[in-house]
Peer 1: 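Structure in structure tokens, see below.
Atom set for the values below is all heavy atoms of this structure, side chains included, hydrogens, waters and symmetry mates excluded. To find a chain, count down the sequence lines: A is the first, B the second, and so on, and within it residues start at 1. Not measured: the values here are computed from a predicted model.
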Amino acid sequence: MSDTRFDPSSADARWQSAWEEAQTFRANSASEKPKSYVLEMFPYPSGRIHIGHVRNYTMGDVLARYKKATGHEVLHPMGWDAFGMPAENAAMEKGVHPGAWTRANIDHMKSQLKQLGFALDWSRELATCEPDYYGHEQALFLDLYEAGLVYRKKSEVNWDPVDMTVLANEQVIDGKGWRSGAEVEKRKLSQWFLKITDFAGELLEGLGGLENWPDKVRLMQENWIGKSKGLEFSFDLSNGERLPVYTTRPDTIFGASFVAVAADHPVAHSAAADSAEAQAFIAACKRGGTTAAEVETAEKLGYDTGISAKHPFTGADLPLYIANFVLMDYGTGAIMAVPGHDQRDFEFATKYGLPIRRVVAPAINDADKPFDGEAEAGEGVIVNSDFLDGMEVEEAKREIIGRIEKQGRGEGRTVWRLRDWGVSRQRYWGTPIPFIHCDACGVVPAPKDSLPITLPDDVDFKTPGNPLVRHPTWKHVDCPSCGGKAERETDTLDTFVDSSWYFLRFASQPADKPFDKDEIAKWLPVEQYIGGIEHAILHLLYARFWTRALERIGLIDVEEPFASLFTQGMVTHETYEQADKTGRVLYFAPDEVERRTDTATLKADGSPLAIGRVIKMSKSKKNVVDPDTIVDTYGADAVRWFMLSDSPPERDLPWSEAGIEGCSRFVHRLWRLFSTYEAEAKGADKTLDRRTHQTIAAVAEDIEALGFNKAVARIYELTGAVEKATPSASRSQAVRTLVQLVAPMMPHLAEEAWATIRGEGMVADAPWPEVDPALLIEDEVTIAVQHKGKLRDTLTAPKGTTKGDLEAMALASDKVQRSIDGAQIRKVIVVPDRLVNIVT
RNA sequence: GCCCCUGUGGCGGAAUUGGUAGACGCGCUCGACUCAAAAUCGAGUUUCUUCUGAAGUGCCGGUUCGAGUCCGGCCAGGGGUACCA
């Protein structure tokens, strides 16, 4: 083997073409091998590959290569989540067509991914913005419509009155449009919805079977779906109407001191009919953003309608308010308010001087205990509540529900927090919704043989609003039902729809239908799905729903799309800041900065910079590191190794120049070690054999658990051991093993070394080294000896030494005796093969 | 606001079901090699200390023979919050 340096700039490209030529990573669905579908969340083609993508795809790549080595037929595809707002923003700002912009980005990013040597099956590449993808999505949408899972209803959007356009939540800043600066209004539009609430129970139950999902994601989804049992009952109003309200705390009914409805509630509208003041209040509620965070943090405001509601048990007249914190979408859009035991009601009652009554207390004789400036939402004993006094919360709930049901005034009801999925977007760059509006026939589904309904190319973004609405011809069609003049739906689908079934299309790509059921059965569910924690709720819940919906209508046999889920952390970087003359903070990019151990200066003029917090890379903070530059400098393997080292994959990874240099040094250190390989060396080295086999087993275990940082640490340890070992057959074997252990992580280096050591075949096709179980067992263990829980000594004993012997050995220790100092021994705790604790 | 997560040396972190806190890497210090430097190799590196030990895993408290790990209460940072993807 030559002793030249490893040169990534030639080796990387050479092996990348070798894999491509041999179609090494092409998935064969006809294979007899067990199937393994490894998938990372596909990227949005924003322009350039981000270092976070590199981390995500490196993790998936290691797993995919490992699965292949362990005898699996692996499907590891890549595609593009290619519809979305940034393409339209680029169109408005730079005058490029969203499609041209997106496709150019895809080309560039694809070449970037190829430079990293990922083991991807590019033959299955797809982009959601192409008609051969979204046409099938339109067909699926029509199938769901036929099954009754799609409907239309009016729903609120953020309306920018100057730009005459609908704004996304992120485009509303402090209640104003991001471009126009105009005060945003809530406006109601007719929109398309998917009946995800039909699946609320299933989606909740299904979480129980997802054992290989992180607990935190299951918990977040559970809370999002938000099943709650409560009571719906009606108040008799002083105007003769009945008002149904919903509460999850019927046990606190005697603490109700007012009743409130949402600003959008019919009762609010009728109250406003003859009151300018009420109309003004409702209008005020409609200003500002639509997000839950804004609604919940806004100051609690109300309008007293003058109507009163009769309490069903006390007969008291409670005032009826219109309140800005009551949500029309949850329950009945009306509540009974119990200030003592709900924080929002407490704040409201404090502001409007309404009574705050205690009806739950720590104990029965705490009935008069005052509140400490906030509501008490917890458990306790019911007090001041007539026939409920002394009951526990749950018991009281049952009692009230029973009495209300007997009165015929309401009933116990399960309510979900989950709302139906609104999929209409008033934008151009998305999947056209396949429906036609006809004055005579109403809303008519587009015939399936008219699919794909493609986007028109000749659009402009110079005027605000949806180009599909303005287009001179696109929307004008004949009604498929009566043949008369009609118009296409101009809304497009939420891009979350695109990402709710792409994993099915990867597995099977017929031209005439979205996928083939039998092919889906071969590959699905995805064995391991990897992506960012930011998708814990929306994307993952929508994909689960879409899969279940397709299963319900018989298109597939899979209920859950992702058997295992892994959520990775972000890649972060420190910021470099300097205040300008006006005190405004300016940020500088890493390549403009001279970074020393504790200080940083600006390359341009040598002025000192403040080193800011380590945060998620973002353009505005200028702390973005470009993967191209570092791949050019250090090679793909060093970058991949850095992505896997040190930080646990679920946590954030701080990027550092020193770190990547260390990784690069290790690549070359390994190369030097590989070049010491002696095929003919003789003799056995038992200790080294043991370490080699222990490392094979441990690295395999770590990769399967996606604990890449631990696998990396073990490879460092074995490397150090092999370097120190004298030549022997064992050492040569250890070197070969090391090549294979690093192959999933540093595939280019490994191929280069494999070619010189083995001479034939590629390491990418080689089976994972076998473990001799006999070599995994240690015969000696170190025992910790503690006195009163503090370490005093350690001793070495044969594995399996009896408790009695260990105790005797511990007591024989000088250090232990000195610590005990003649005191009476009360107890000795012995954990075999681990420790002895002497208690005096 | 609400839901979820995280917090361990100078830094990234390791530590089966509660059982030797700091593996491994980075950085730093010293040494070897060199005319010199880079690269490489070797040794050291939680803090304090009377050199015997003591303290120590964000803070306060609890359970236990024993707590980074379990429980209660805080603090700080992060993710999501239904039209960013």
Peer 1: Salt bridge (Lys or Arg N to Asp or Glu O under 4.0 Å) for A:Lys286 and A:Asp264? Distances and angles first, verdict last.
Peer 2: CA-CA 9 Å; A:Lys286 285 192 177 281; A:Asp264 239 1; 3.5 Å; yes
Peer 1: For B:C83, does the base pair up with any side-chain atom of A:Gln426 as donor and acceptor (N or O, under 3.5 Å, distance only)?
Peer 2: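 Between B:C83 and A:Gln426, which were checked side chain against base, a qualifying N/O pair under 3.5 Å is present.
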Peer 1: Rounding to a whole Å, what distance do you find between A:Arg651:CZ and B:G25:P?
Peer 2: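 So the two atoms are 19 Å apart, to the nearest Å.
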Peer 1: Give one of base, sugar-phosphate or nothing for A:Gly422, where a contact means two heavy atoms less than 4.0 Å apart.
Peer 2: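 Sugar-phosphate: the residue A:Gly422, judged by heavy atoms under 4.0 Å, touches backbone atoms but no base.
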Peer 1: List the steps and the verdict of side-chain contact (heavy atoms from CB on, under 4.5 Å) for A:Arg187 and A:Asn158.
Peer 2: CA-CA 6 Å; A:Arg187 188 177 265 213; A:Asn158 299 307; over 6 Å; no
Peer 1: Side chains of A:Leu811 and A:Val785: does their closest heavy-atom pair fall under 4.5 Å?
Peer 2: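 A side-chain contact is absent here, since even the closest heavy-atom pair is not under 4.5 Å.
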Peer 1: Any N or O donor-acceptor pair under 3.5 Å from the base of B:C4 to the side chain of A:Gln221?
Peer 2: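 A donor-acceptor contact between them is absent.
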Peer 1: For B:U63 and B:A43, measure between their C1' atoms and round to the nearest Å.
Peer 2: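 Pairwise C1' distance, B:U63 against B:A43, rounds to 44 Å.
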Peer 1: Whole-Å distance between B:G78 C1' and A:Ile537 CD1?
Peer 2: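 One finds 15 Å between C1' of B:G78 and CD1 of A:Ile537, rounded.
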Peer 1: Picking from B:C83, B:C41, B:G79, which would you name as closest to the side chain of A:Gln191?
Peer 2: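 Output: B:C83.
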Peer 1: Using OP1 and OP2 only, check whether a side-chain N or O of A:Thr782 sits under 4.0 Å from B:U20.
Peer 2: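 So the side chain of A:Thr782 is outside the cut-off, no N or O lying under 4.0 Å from OP1 or OP2 of B:U20.
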Peer 1: Using atom C1' in both nucleotides, what's the gap between B:A15 and B:G79 to the nearest angstrom?
Peer 2: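 It works out to 27 Å between them.
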Peer 1: Which is true for A:Arg344 with a 4.0 Å heavy-atom rule: it touches a base, it touches only sugar-phosphate, or it touches nothing?
Peer 2: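 Nothing, no heavy atom under 4.0 Å.
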Peer 1: Could you check B:G73 for me: syn (within 90° of 0) or anti?
Peer 2: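 Anti for B:G73; the angle lies over 90° from 0.
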Peer 1: For B:G53 and A:Arg818 - does any side-chain N or O of the residue sit under 4.0 Å from the phosphate oxygens OP1/OP2?
Peer 2: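 Yes, such a contact exists.
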Peer 1: Mind checking the CG-CG spacing from A:Asp420 to A:Asp198? Nearest 0.5 Å is all I need.
Peer 2: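 Separation between the atoms: 7.5 Å.
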Peer 1: Yes or no on side-chain contact (heavy atoms from CB on, under 4.5 Å) for A:Ile783 and A:Val836, after CA distance, side-chain angles and deciding distance?
Peer 2: CA-CA 7 Å; A:Ile783 306 290; A:Val836 179; 4.0 Å; yes
Peer 1: Would you please name every residue forming a ring-ring contact (aromatic ring centres under 6.0 Å, His included) with A:Trp421, sequence neighbours left out?
Peer 2: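 Partners of A:Trp421 by the ring-ring contact (aromatic ring centres under 6.0 Å, His included) criterion, ordered by chain and then number, come out as A:Tyr542.
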Peer 1: Assess the pair A:Phe348 and A:Phe325: is the distance between their ring centroids shorter than 6.0 Å?
Peer 2: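 Ring centroids of A:Phe348 and A:Phe325 are less than 6.0 Å from each other.
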Peer 1: Ignoring hydrogens and angles, tell me if any N or O in the side chain of A:Arg834 forms a donor-acceptor pair with the backbone of A:Val781 under 3.5 Å.
Peer 2: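 Looks like no, no N/O pair under 3.5 Å.
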Peer 1: Base, sugar-phosphate or nothing for A:Glu222? Non-hydrogen atoms, less than 4.0 Å.
Peer 2: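 Result for A:Glu222 = nothing.
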Peer 1: For B:C83, does the base pair up with any side-chain atom of A:Arg427 as donor and acceptor (N or O, under 3.5 Å, distance only)?
Peer 2: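 Result: at least one qualifying N/O pair found.
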Peer 1: Report the C-alpha separation of A:Phe83 and A:Tyr134 in whole Å, then their side-chain angles, then the decisive distance to 0.1 Å, and conclude whether the ring-ring contact (aromatic ring centres under 6.0 Å, His included) test is met.
Peer 2: CA-CA 10 Å; A:Phe83 275 138; A:Tyr134 70 71; 5.5 Å; yes
Peer 1: With respect to the side chain of A:Leu538, which nucleotide from B:C83, B:G25, B:A82 is positioned closest?
Peer 2: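 Output: B:A82.
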Peer 1: Using a heavy-atom cut-off of under 4.0 Å over every strand shown, decide if A:Glu299 touches base, sugar-phosphate, or nothing.
Peer 2: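 The answer is nothing, as A:Glu299 stays clear of every strand by at least 4.0 Å.
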Peer 1: Mind checking A:Glu717 for me? I need base, sugar-phosphate or nothing, with any heavy atom below 4.0 Å counting as a touch.
Peer 2: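 Touches sugar-phosphate only.
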Peer 1: For B:G56 versus B:C48, give the span between their C1' atoms, rounded off to a whole number of Å.
Peer 2: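 Comparing C1' positions in B:G56 and B:C48 gives a spacing of 10 Å.
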Peer 1: Could you say whether A:Lys790 or A:Asn709 is positioned toward the 5' end of RNA chain B, judged by the nucleotide with the nearest heavy atom to each?
Peer 2: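 Looking at RNA chain B, the more 5' nearest nucleotide goes with A:Asn709.
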Peer 1: Just checking A:Arg792: base, sugar-phosphate only, or nothing, at a heavy-atom cut-off of under 4.0 Å?
Peer 2: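 Sugar-phosphate: the residue A:Arg792, judged by heavy atoms under 4.0 Å, touches backbone atoms but no base.
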Peer 1: Ring of A:Trp213, cation from A:Arg218 - is the NZ or CZ under 6.0 Å from the centre and inside 45° of the axis?
Peer 2: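 Judged by the rule (NZ or CZ under 6.0 Å from the ring centre, within 45° of its axis), A:Arg218 is not positioned above A:Trp213.
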Peer 1: Figure out the CZ/C1' separation between A:Arg419 and B:A82, and round it to whole Å.
Peer 2: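 Computing the A:Arg419:CZ to B:A82:C1' distance gives 5 Å.
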Peer 1: A:Phe42 and A:Phe503: side-chain contact (heavy atoms from CB on, under 4.5 Å), yes or no, with the steps?
Peer 2: CA-CA 9 Å; A:Phe42 66 164; A:Phe503 41 89; over 6 Å; no
Peer 1: Considering only the C1' atoms, how many Å lie between B:G44 and B:C26, rounded to the nearest integer?
Peer 2: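 Rounded to whole Å, the distance is 16 Å.
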Peer 1: Tell me what A:His539 touches on the nucleic acid: a base, only sugar-phosphate, or nothing, going by heavy atoms under 4.0 Å.
Peer 2: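 No contact.
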Peer 1: For a quick check of understanding: with a heavy-atom distance under 4.0 Å over all strands, which category does A:Ser424 fall into, base, sugar-phosphate or nothing?
Peer 2: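 The answer is base, as A:Ser424 lies within the cut-off (heavy atoms under 4.0 Å) of a base atom.
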Peer 1: When the C1' atoms of B:G10 and B:U46 are compared, how many Å lie between them, rounded to an integer?
Peer 2: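 Per the computed distance, 10 Å lies between those C1' atoms.
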Peer 1: For A:Ala293, report the nucleic acid contact type (base, sugar-phosphate, nothing); a contact means any heavy atom under 4.0 Å.
Peer 2: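 Base contact.
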Peer 1: With P as the reference atom in both, quote the distance from B:U64 to B:G53 in angstrom, rounded to an integer.
Peer 2: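 It comes out at 29 Å once rounded to the nearest Å.
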Peer 1: Check every strand shown and say whether A:Ser656 touches a base, only sugar-phosphate, or nothing at a heavy-atom separation below 4.0 Å.
Peer 2: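 It contacts nothing in the nucleic acid.
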Peer 1: How do A:Phe496 and A:Leu653 order along RNA chain B: which one's closest nucleotide is nearer the 5' end?
Peer 2: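 The residue closer to the strand's 5' end, by nearest nucleotide, is A:Leu653.
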Peer 1: Expressed in whole Å, how much space separates the P atoms belonging to B:A23 and B:G9?
Peer 2: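 Result for the P pair: 13 Å, nearest Å.
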Peer 1: Regarding A:Met220, tell me which of base, sugar-phosphate or nothing describes its non-hydrogen contacts under 4.0 Å with the strands shown.
Peer 2: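 It contacts base atoms.
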Peer 1: For the pair made of CH2 in A:Trp224 and P in B:C2, what is the distance, rounded to whole Å?
Peer 2: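 A:Trp224 atom CH2 is separated from B:C2 atom P by 16 Å.
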Peer 1: In dot-bracket form, 5' to 3', how is RNA chain B paired? Count Watson-Crick and G-U wobble pairs only if both distances fall under 3.5 Å, and write | where the partner sits on another strand.
Peer 2: (((((((..(((......[....)))((((((.......))))))(((....)))..(((((..]....))))))))))))....
Peer 1: Take atom NZ of A:Lys710 and atom P of B:A14, then tell me their distance rounded to the nearest Å.
Peer 2: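 Taking atom P of B:A14 as the reference, NZ of A:Lys710 is at 7 Å.
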Peer 1: How far, in whole Å, is B:U29 from B:U34 if one measures between their P atoms?
Peer 2: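 23 Å, rounded to whole Å.
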Peer 1: Rounded to whole angstrom units, what separation is found between the CE atom of A:Met745 and the C1' atom of B:C24?
Peer 2: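 From A:Met745 CE to B:C24 C1': 13 Å.
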Peer 1: What does A:Leu541 touch in the nucleic acid at a heavy-atom separation under 4.0 angstrom: a base, only the sugar-phosphate, or nothing?
Peer 2: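 No contact.
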Peer 1: For A:Pro648, answer base if it contacts any base atom (sugar-phosphate contacts may also be present), sugar-phosphate if it contacts only those atoms, and nothing otherwise; contact means non-hydrogen atoms under 4.0 Å.
Peer 2: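 Sugar-phosphate, no base atom in range.
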Peer 1: Check this one for me: any side-chain N or O of A:Arg665 less than 4.0 Å away from OP1 or OP2 of B:C41?
Peer 2: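 It does not, given that no N or O in the side chain of A:Arg665 lies less than 4.0 Å from OP1 or OP2 of B:C41.
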Peer 1: B:A85 P sits how many Å from A:Asp498 CG, rounded?
Peer 2: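 In whole Å, B:A85 P and A:Asp498 CG are 10 Å from each other.
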Peer 1: Side-chain N or O of A:Arg834 less than 4.0 angstrom from OP1 or OP2 on B:U20?
Peer 2: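 Result: yes.
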Peer 1: Quiz question: going by heavy-atom distance under 3.5 Å, is there a donor-acceptor pair between the base of B:C65 and the side chain of A:Asn837?
Peer 2: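 Side chain to base: pair present.
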Peer 1: For A:Phe666 together with A:Trp641, are the ring centres under 6.0 Å from each other?
Peer 2: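 Ring centres of A:Phe666 and A:Trp641 closer than 6.0 Å.
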Peer 1: Please classify the nucleic acid contact of A:Thr794 as base, sugar-phosphate, or nothing, using heavy-atom distances under 4.0 Å.
Peer 2: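 Base, at least one base atom sits under 4.0 Å.
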Peer 1: To the nearest Å, how far apart are A:Asp652 CG and B:G13 P?
Peer 2: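 So the CG-P distance, A:Asp652 to B:G13, works out to 9 Å.
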Peer 1: Please tell me if A:Asn223 has a side-chain N or O lying less than 4.0 Å from either OP1 or OP2 of B:C2.
Peer 2: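 A:Asn223 to B:C2 OP1/OP2: no side-chain N or O under 4.0 Å.
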